[in-house]
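Taking it in order: structure first as structure tokens, then the write-up.
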Amino acid sequence: MASRRVPVSPCRWSRLGAVLFPVVLTLLSVPSVPSEPPPGVALLEAAGPRWGWRNLTCPGCRLLFGALDIALQLEPNVARVGRVAAGLCRELCLARAEICQQAVQLFQRDVVAAWARSVLRPTEACGLLLGPSCGRWDILGSWNVSLPAAPKPPVRPPQPPPPGAPTARVLFLTDVHWDRRYAAGSDPSCPDPLCCRGPALPGAGGAGFWGEYGKCDLPLRTIESLLDALPPTGPFAAAYWTGDIPAHDVWQQRREDQLLALRTVSALLRRRLGAMPVFPAVGNHEATPVNAFPPPYVRGNQSAAWLYDAMAEAWQDWLPPDALKTLRAAGFYTAQVWPGLRLVSLNMNFCSQGNFWLLINSTDPAGQLQWLVGVLEAAERDGEKVHIIGHIPPAHCLRSWSWNYYRIVNRFEGTIAAQFFGHTHVDEFEMFYDEETLTRPVSVAFVAPSVTTYISLNPGYRVYEVDGSYPGSSHAVLDHETFILNLTEANAPGAEPRWQRLYGAREAYGMASAFPSDWDLLIRRFQDDERLFQRFWYHFHKGHPPREPCLDACKAALLCALRTGRSADPNLCRPLRPTRPFRQIQEFWRQRRLC
């Protein structure tokens, strides 16, 4: 029987689509994967029922969002629309019924407000979720920041510090993800996006005391153990801390939960690190709903003021008044680390594809990149070097934001001494090249591994060795070390947690130095030296890699990702001579993102 075709509005996505879409984004943020994830598509296979947004096919997506738009025209009651959205979430196996219902209730108020002011169409929603083969995702148009009229200073290749010059060690923590409901002995392989909670399983096989390989975050005692294992304050000149404090139970988080996590972990760092300077950055999980960071023009109860004000209060002992002022306004700031070195902490949620508020206007949200240009211009004038920290790495950002940031790094390559990010939970890096030829390395964005185990990783942290404080210092990264807690050993009967050095970068990879050209050369060595690449794959997973090795498509995708400091640019991968089309490589790597 033929069905009558009902016209769908081409101009505005319905409120019903807005209610269901964030449910999909929520589950995209916490994919359901097995406790031992192999690379590639198999990474997304869940034990038991296959919950997850990737159950949504392209025809199903088009049908779904088209039907939702029609349904709202026929039934404008938003409360009933929410019930329909939760039902569709269940029918599509996006999650268990309880999680679907909670996610819809959590997201619908903010998301409806954002989408009521956007122009997203159903086809664009499918393009965003499933890629360009399913719809054209062009709602976020191109834009440019203004760079200084003054010419770029002559480029001076980086040089090793003179013999005897002081160096400094910087502690780097990211993606702590404290789960206050973590329960030793509980199920680590549940069908939900976050496990290791609830009653203990009978017999062996439950979650370990210090953490577990699975879809699990960490108990507070493991974070305390990390801080207790650090050497006395003296060896560290500063600590950089790039966010994601709460657990991955994003479907049930309240503002009170997020503030408790922020205040608890901030107070813990203050107690254990003492007088050490700490410079934090905002993660995407600090907000609720997750990824919801409205630009400053959104006022009232839906603004992010509740979060930024709490951060300023929790971090006031670490940051100067001027930094606290911009932190309260939009979640970013600048501060001096020591004489000659300035730090910029970016709010990378203003570049995030998951931030639904950017569908209203994604053009340089909060003016952050133009502000960054001003900070770098002043630092260049004053002879300062700059470290940039943030949560989401630049290549994971929306295209226009990412490309503008790439331009800024190119223009100020003589001022930006280093970049530090987190978010992916694994150990990697992203290269930046000159814009003229895309061959000369100009910078590296270091992406450090997470403190949390999510998903199926050892807990870990990073220490950077940088050129120290003296006249003429480059303040560049000279080397880095990664430390882990081996959960197999720590959870053995009668054992105590023992944090151990996993590797040092220059030693493990035979690098003469740690400048951008050395990391570029390392990528080319990975191509030809399979043993060296598999060593990197082991470190990539903090000493707990999946059973299946990274070969062929996986290796091509990973090497391309390492060479790509800006999003959606196939030209950056061409020197690697990939055997697969860039779109396949991009989709393959997109599937393995964990957070």
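Because the structure is predicted, anything quoted here is derived from the model rather than measured.
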Task: 4.5 Å side-chain heavy-atom contact, Glu384 and Gln336 - done: yes

Task: Any side-chain donor near an acceptor of the partner, Arg255 and Asn301, under 3.5 Å - done: yes

TODO: Quickly, which of Phe526, Phe429, Tyr433 forms a ring pair (Phe, Tyr, Trp, His ring centres under 6.0 Å) with Trp519? Name it, please.
DONE: Phe429

TODO: Check step by step if ring-ring contact (aromatic ring centres under 6.0 Å, His included) holds for Phe540 and Trp537.
DONE: CA-CA 5 Å; Phe540 182 88; Trp537 183 245; 5.3 Å; yes

Open item on the list: Tell me which one of His285, His391, His177 satisfies ring pair (Phe, Tyr, Trp, His ring centres under 6.0 Å) with His423.
Closed with: His391

Task: Short side-chain donor-acceptor distance under 3.5 Å, Asn347 and Tyr308 - done: yes

TODO: List the steps and the verdict of side chain to side chain contact (heavy atoms under 4.5 Å, CB included) for Asp382 and Arg342.
DONE: CA-CA 11 Å; Asp382 297 341; Arg342 175 160 298 278; over 6 Å; no

Open item on the list: Consider side chain to side chain contact (heavy atoms under 4.5 Å, CB included). Of Val337, Leu173, Thr174, which one does Tyr240 pass it with?
Closed with: Val337

Open item on the list: Using every non-hydrogen atom in the two residues, find where Ala568 and Arg399 come nearest and quote the distance to one decimal.
Closed with: O-NE, 4.0 Å

Task: Student check: side-chain heavy atoms of Trp143 and Leu369 closer than 4.5 Å - done: yes

Open item on the list: Assess the residue pair Asn361 and Tyr297 against the criterion (side chain to side chain contact (heavy atoms under 4.5 Å, CB included)); give the C-alpha distance rounded to whole Å, side-chain angles, the decisive distance to 0.1 Å, and a yes or no.
Closed with: CA-CA 11 Å; Asn361 186 349; Tyr297 58 74; 4.0 Å; yes

TODO: Check whether any side-chain heavy atom of Phe279 sits under 4.5 Å from a side-chain heavy atom of His387, and report yes or no.
DONE: no

Task: Under 3.5 Å: donor-acceptor pair, side chain of Thr453, backbone of Cys216 - done: yes

TODO: Answer with yes or no whether the side chains of Thr437 and Asp434 bring together a donor and an acceptor at under 3.5 Å.
DONE: yes

TODO: Working to the nearest 0.5 Å, report the span between CG of Asn349 and CH2 of Trp357.
DONE: 14.0 Å

Open item on the list: Can you confirm whether Ser567 sits close enough to His396 that some side-chain heavy atom of one is under 4.5 Å from a side-chain heavy atom of the other?
Closed with: no

Open item on the list: If you compare all heavy atoms of Pro449 against all heavy atoms of Thr482, which two are closest, and at what distance to 0.1 Å?
Closed with: CG-CG2, 3.9 Å

- [ ] Verify side chain to side chain contact (heavy atoms under 4.5 Å, CB included) between Asp175 and Val451, making sure each step is shown before the conclusion.
- [x] CA-CA 6 Å; Asp175 297 272; Val451 174; 6.0 Å; no

Open item on the list: Salt bridge or not between Arg254 and Asp257? Use side-chain N to carboxylate O under 4.0 Å.
Closed with: yes

Task: Distance-only polar pair, side chains of Asn284 and Asn291, donor-acceptor under 3.5 Å - done: yes

Open item on the list: Just verifying a value: how many Å separate Thr326 OG1 and Trp371 CH2, rounded to the nearest 0.5 Å?
Closed with: 5.5 Å

TODO: Flag the pair Pro148 / Val373 as yes when at least one side-chain heavy-atom distance between them is below 4.5 Å, and no otherwise.
DONE: yes

Task: Main-chain N/O of Ala395 paired to Glu430 side chain as donor or acceptor, under 3.5 Å - done: yes

Task: Minimum heavy-atom distance Pro294-Phe350, with the two atoms named - done: O-CE2, 4.0 Å

Task: Polar side chain donor-acceptor pair, Asp217 to Thr452, under 3.5 angstrom - done: yes

TODO: For the pair Gln316 (side chain) and Glu313 (backbone), establish whether a donor and an acceptor sit closer than 3.5 Å, ignoring hydrogens and angles.
DONE: yes

Open item on the list: With side chain to side chain contact (heavy atoms under 4.5 Å, CB included) as the criterion, how do Leu438 and Asp569 come out once you've worked through the C-alpha distance, each side chain's angles and the decisive distance to 0.1 Å?
Closed with: CA-CA 11 Å; Leu438 296 181; Asp569 186 0; 4.3 Å; yes

Task: Arg407 and Asn410: side chain donor to acceptor below 3.5 Å - done: no

- [ ] Return the minimal non-hydrogen interatomic distance between Pro246 and Glu286, and the atom names on each side.
- [x] CD-OE1, 3.3 Å

Open item on the list: Once rounded to the nearest 0.5 Å, what's the spacing between atom CD1 of Ile99 and atom CG of Leu106?
Closed with: 12.5 Å

- [ ] Without swapping roles, check the side chain of Ser266 against the backbone of Arg263 for a donor-acceptor pair under 3.5 Å.
- [x] no

- [ ] State, yes or no, whether a side-chain contact exists between Val344 and Leu372 at a heavy-atom distance under 4.5 Å.
- [x] yes

- [ ] Using the six-membered ring wherever Trp is involved, compare the ring planes of Tyr464 and Phe172 and label them parallel, tilted or perpendicular (cut-offs 30° and 60°).
- [x] perpendicular

Task: Matching residue for Asp427 among His541, Lys542, Arg462 - test: side-chain hydrogen bond (donor to acceptor under 3.5 Å, both in side chains) - done: Arg462

Task: From Trp178 atom CH2 to Ile223 atom CD1, the distance as rounded to the nearest 0.5 Å - done: 8.0 Å

Task: Residue pair Tyr406, Phe432: steps toward the ring-ring contact (aromatic ring centres under 6.0 Å, His included) verdict - done: CA-CA 7 Å; Tyr406 204 91; Phe432 287 67; 4.9 Å; yes

- [ ] Can you spot which of Pro277, Ser345, Pro280 makes a side chain to side chain contact (heavy atoms under 4.5 Å, CB included) with Leu319?
- [x] Pro280

TODO: Measure across Ala323 and Tyr333 and return the closest heavy-atom pair with its distance rounded to 0.1 Å.
DONE: O-CB, 3.4 Å

Open item on the list: With heavy-atom distances below 4.5 Å as the criterion, would you say the side chains of Asp520 and Arg563 are in contact?
Closed with: yes

Task: Separation between CG of Asp179 and CG of Asp249, rounded to the nearest 0.5 Å - done: 6.0 Å

Task: Side-chain heavy atoms of Val444 within contact of Gln419, under 4.5 Å - done: no

Open item on the list: Centroid separation under 6.0 Å, is that true for the rings of His425 and His248?
Closed with: yes

Open item on the list: Which residue in the set Arg411, Lys152, Lys385 passes side-chain hydrogen bond (donor to acceptor under 3.5 Å, both in side chains) when paired with Glu380?
Closed with: Arg411

TODO: Look up atom CG in Leu559 and atom SG in Cys550, then write down how far apart they are to the nearest 0.5 Å.
DONE: 8.0 Å

- [ ] Spell out, as yes or no, whether a donor-acceptor pair under 3.5 Å connects the side chain of Glu428 to the backbone of Val447.
- [x] no

Task: Least distance between heavy atoms, Cys573 atom then Thr564 atom - done: SG-OG1, 3.7 Å

